[in-house]
Amino acid sequence: MKKNIIAGFAAILLLASCNKNKEILDTLNTYNNSMEAKGYHFGDKLELPKEVTENAESVTISFGDKETTDLTVDPKFFTLGDNAVTFNVKTKGGEVLNQDATINVFAKNPEKNIPYQIVAEYPHDPKNFVQGFQVEGNTIYESDGQNGASQILKYTLGTTTPLASTKQAQEDFSEGSTIVGDKVYQLTWQSKKGYIYDKSSLKLLSEFAYPNVLGEGWGLTYDGKNLIASDGSKLLYFLDVNNPSKLIKYIAVAGSSQAYDQLNELEYHNGFIYANVWQKPIILKINPANGEVVGTFDFTEIAKQNTKGSDDVLNGIAFKGDNMLVTGKNWPKIYEVVIK
């Protein structure tokens, strides 16, 4: 009889402990869900509910291969945008409770809507599926995609006749490109390699493999020191220009209320990275120091005139002096806009 009473008492304690653990996790889950939409900024403190803190001996957050006891949103630990983390709560009873969550980190300052005015229009070959786009002087350097039609070419702004071009192999789907001195670098989408050409003749000089962290090749630009590549995620990757297989660092991109992914064609100009968002008629102005989106260009009206399907979207950014040139996949025009 005594054993039954002890066993019953133990069962009650176990049930109470299970209920308490469930309350802790439920409360933590409710808090995390409410903060996922609202988001945090760097420097914010995670104010966990009392139901969690009063019953916890310790709380840690693990993120990838990192773990911290600091509940401050620190840029050394978190990136802008979504961070998939796990909360590890060690209760005062010695049990360890785990809960997965998403911590969204946004920029502190809202993005500015940047006004512009169209000042000129130029012809563009509508057969060209633009993936990379630069201008130097009055010469356009363009990387065009599609298997079997991929190429790198250059032509004089105002014409559509190539001055030089090089075709890619059937299996390659060309992507972003950028000029570095007397060379042009070009990415491919899923071939996991890039090409380097002589800028004058567009003769192929060499090729390079991507660092493993770069899933696919999308956009490419050059900041005067490093190559900067996108792979369709929220991340921008800084690569060693002398050895593009080597990753220098990466940054995540977000605005004041949302993370931005699908980052595609890139351009670097006067200390900022410009990126279009695939299948959206917007271009982002990004601070390369921290990934914060400081401004956006809305090219909805231009895109409406040129986008008839799902593929012929805005995808081309270059700077002619301080004016921006924009075009898109299979567009018949290039637009020059002055930024107000």
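Side chains included, hydrogens not; waters and symmetry mates left out as well; all remaining heavy atoms used. Just so you know, these numbers come straight off a predicted model, no measurement behind them.
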When you check the side-chain N and O atoms of [X] and [Y], is any donor under 3.5 Å from an acceptor?
{"X": "N128", "Y": "E142", "result": "yes"}
{"X": "Q151", "Y": "D144", "result": "yes"}
{"X": "Q134", "Y": "S177", "result": "yes"}
{"X": "D172", "Y": "S191", "result": "yes"}
{"X": "E111", "Y": "S256", "result": "yes"}

Starting from V338 and following side-chain heavy-atom contacts under 4.5 Å between hydrophobic residues (I, L, V, M, F, W, Y), which residues can be reached?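 The other cluster members (ILVMFWY side chains, heavy atoms under 4.5 Å, direct or chained) are V119.
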Connecting only ILVMFWY residues whose side-chain heavy atoms lie within less than 4.5 Å of each other, what is the rest of V96's hydrophobic cluster?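 Members other than V96 - counting any ILVMFWY side chain reachable under 4.5 Å - there are none.
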Examine K333 relative to Y122 and say whether NZ or CZ is less than 6.0 Å from the centre of the six-membered ring and inside a 45° cone about the ring axis.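 So K333 doesn't make the cation-pi contact.
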With K249 as the cation and F238 as the aromatic partner, state whether NZ or CZ is under 6.0 Å from the six-membered ring centre and within 45° of the axis.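 Ring-cation test returns yes.
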If we ignore hydrogens and angles and just use 3.5 Å, is the side chain of T91 paired with the main-chain N or O of E95 as donor and acceptor?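 Yes: the side chain of T91 pairs with the backbone of E95.
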Got a donor-acceptor contact below 3.5 angstrom from the N55 side chain to the E51 backbone?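 A pair under 3.5 Å: yes.
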Would you call the rings of F208 and Y185 parallel, tilted or perpendicular, where under 30° means parallel and over 60° means perpendicular?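 Answer is tilted, since the angle falls between 30° and 60°.
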With sequence neighbours left out, which residue pairs that include part of residues 280-289 fulfil the side chain to side chain donor-acceptor pair (under 3.5 Å) condition?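 Output for this query is empty, none listed.
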Can you tell me which residue pairs pass the side chain to side chain donor-acceptor pair (under 3.5 Å) test with a partner in residues 68-81, sequence neighbours excluded?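 Matches after skipping sequence neighbours: D70-T72, T79-N83, T79-K234.
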Write out all pairs satisfying ring-ring contact (aromatic ring centres under 6.0 Å, His included) with one or both partners inside [range], taking only residues at least two apart or from two chains.
{"range": "residues 84-114", "value": "none"}
{"range": "residues 23-44", "value": "none"}
{"range": "residues 309-340", "value": "H269-F319, Y274-F319"}

Could I get the full list of side-chain contact (heavy atoms from CB on, under 4.5 Å) partners for K246, not counting sequence neighbours?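 By the side-chain contact (heavy atoms from CB on, under 4.5 Å) rule, K246 matches D240, N243, I248.
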Please list, chain by chain and in numerical order, all residues satisfying side-chain contact (heavy atoms from CB on, under 4.5 Å) with E36, sequence neighbours excluded.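 Expected list: N33, T102, N104.
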Test of understanding: with ring-ring contact (aromatic ring centres under 6.0 Å, His included), list the residues that count as partners of F173, not counting sequence neighbours.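 Partners of F173 under the ring-ring contact (aromatic ring centres under 6.0 Å, His included) test: W189.
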By side chain to side chain donor-acceptor pair (under 3.5 Å), which residues pair with E136, not counting sequence neighbours?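 Testing E136 for side chain to side chain donor-acceptor pair (under 3.5 Å), a comparison that skips the adjacent residues, returns K199.
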To the nearest 0.5 Å, how far apart are CG in N212 and CG in L247?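 Reported value, rounded in 0.5 Å steps: 10.5 Å.
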Q190 side, atom CD; E171 side, atom CD - distance, nearest 0.5 Å: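 It comes to 12.5 Å.
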Donor-acceptor pairs are to be reported for all side-chain atoms of residues 294-305 against protein atoms at under 3.5 Å, with residues two or more places apart or in another chain.
residue: D298; atom: OD1; partner: T300; partner atom: N; Å: 2.9
residue: D298; atom: OD1; partner: T300; partner atom: OG1; Å: 2.4
residue: Q305; atom: NE2; partner: E301; partner atom: O; Å: 3.4

So that I can tick it off, tell me whether E57 and K90 are bridged by a salt bridge, with the cut-off set at under 4.0 angstrom between side-chain N and carboxylate O.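 Salt bridge present between K90 and E57.
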D125 and K127 ion-paired at < 4.0 Å: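 Yes, charged N to carboxylate O under 4.0 Å.
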